[in-house]
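Counting starts at 1 for both ligands and their atoms, following the listed order.
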Amino acid sequence: MPHDVGAKRAIAFVAGHDDQGWIDALAAAMPHEHIIHNQDFRDEEAATVQIAIVANPTPEQLLRYTGLRWVHSVWAGVERVLPVVAAQKIPLVRLIDPMLAHTMGEAVLAWTLFLHRDMPAYAAQQRQRVWQPRPYRPPGEVTIGLLGLGEMGRAAAVRLLAAGYRVCGWSQSVKKIDGVDAHTGEDGLRQVLQQADMVVVLLPLTPQTNTLLNAERLAMLKRGAALVNFARGAVVDVDALVAELDAGTLSHAVLDVFATEPLPPESALWHHPKITVLPHVSAPTDHTSAARIVAANVARYRADGVLPPTVDVMRGY
Ligand code: NAP
């Protein structure tokens, strides 16, 4: 055992993969803390740990820490860890990092331009040696519907508005965002789906958003509209989406997230001509930036025992 694990102040780092980059960044941001990898704790030592920093751990990995006071996720989406900590009434803090939101805003703009400027169609034409200009529409005539107007959705709205697009959006609570036609409720969702030329999904995965975009709601989209899912795979019923693409009612889908990741090699989505598959890369977390935010939250807790805002268990995000 290479570490002084027994120390009460040790912070456990618990992650599925990509561990060393996180350990290095967290240790650099918190030189006075003792960040120890999950695998370096014996069970009886794990029971003394009060703070865990987690990167999408399995429930089994987390359950051995029986004395936790709180958990900090370095992932923005917390659907896997929330039920585990909620069952034990342990507060959960998720990552809110302006750099992550900026990166997501960039991805939303990039893939909006990809779709708006007809890149899938021109790529197909090139393969067939077809020289055929398509009609151009200025961004001021193109409406982007953002499902979710939180950290990611608001950053996306800023980039889209600056690029000249019309932006509408949907959230749980009423929002006032300059330049955004914001909606709530089932009726608001229908309005966004019916007016958007492209819908970008930036919702957390919760019991309410699971398969939110089912066959019935996908059928509300404008004929020829496109869909971008940068949130979680399970928010979209992929079979229903493929049916709409095959029927020609939807033009294209950009999917960054899937119910099973990595997307299995045998999945038909890989070679669907109207689907662009991305390997969960729309907003990769910057370890250094995220570690600084976690460090500030830990320092404040050490100083005065106050936690940053925690995930709302009832809402699920
Ligand atoms: P957030 O700040 O919590 O925002 C979530 C938004 O969704 C809020 O506007 C919220 O409404 C809305 N919402 C939630 N449930 C709803 C419902 N049932 N009906 C209507 N609106 C609902 O979360 P975020 O930081 O923007 O992140 C959103 C998601 O993006 C994460 O949960 C994660 O899954 C995903 N993500 C993906 C990547 C990637 O690389 N692919 C990277 C980062 C994040 P209110 O504002 O009214 O609460």
Sidechain N-carboxylate O distance under 4.0 Å for R302, E33:
yes

Going by the rule side-chain contact (heavy atoms from CB on, under 4.5 Å), which residues pair with A163 if we only count those two or more places apart in sequence or in a different chain?
L109, Y165

Residues at least two apart in sequence or cross-chain that pass salt bridge (Lys or Arg N to Asp or Glu O under 4.0 Å) with E186, listed by chain then number, are R217

Listed partners of Q132 passing side-chain contact (heavy atoms from CB on, under 4.5 Å), at least two apart:
Q125, V130

Do you know the tightest heavy-atom contact between T184 and W170?
C-NE1, 3.5 Å

For the pair T143 and Q195, evaluate side chain to side chain donor-acceptor pair (under 3.5 Å) and give the outcome as yes or no after the intermediate values.
CA-CA 7 Å; T143 300; Q195 65 182 288; 5.4 Å; no

Shell of residues surrounding ligand 1, defined by a 4.0 angstrom heavy-atom cut-off that is strict:
A76, G77, R94, M104, G148, L149, G150, E151, M152, W170, S171, Q172, S173, K175, L202, L203, P204, Q208, T209, F230, A231, R232, D256, V257, H280, S282, A283, R315, Y317

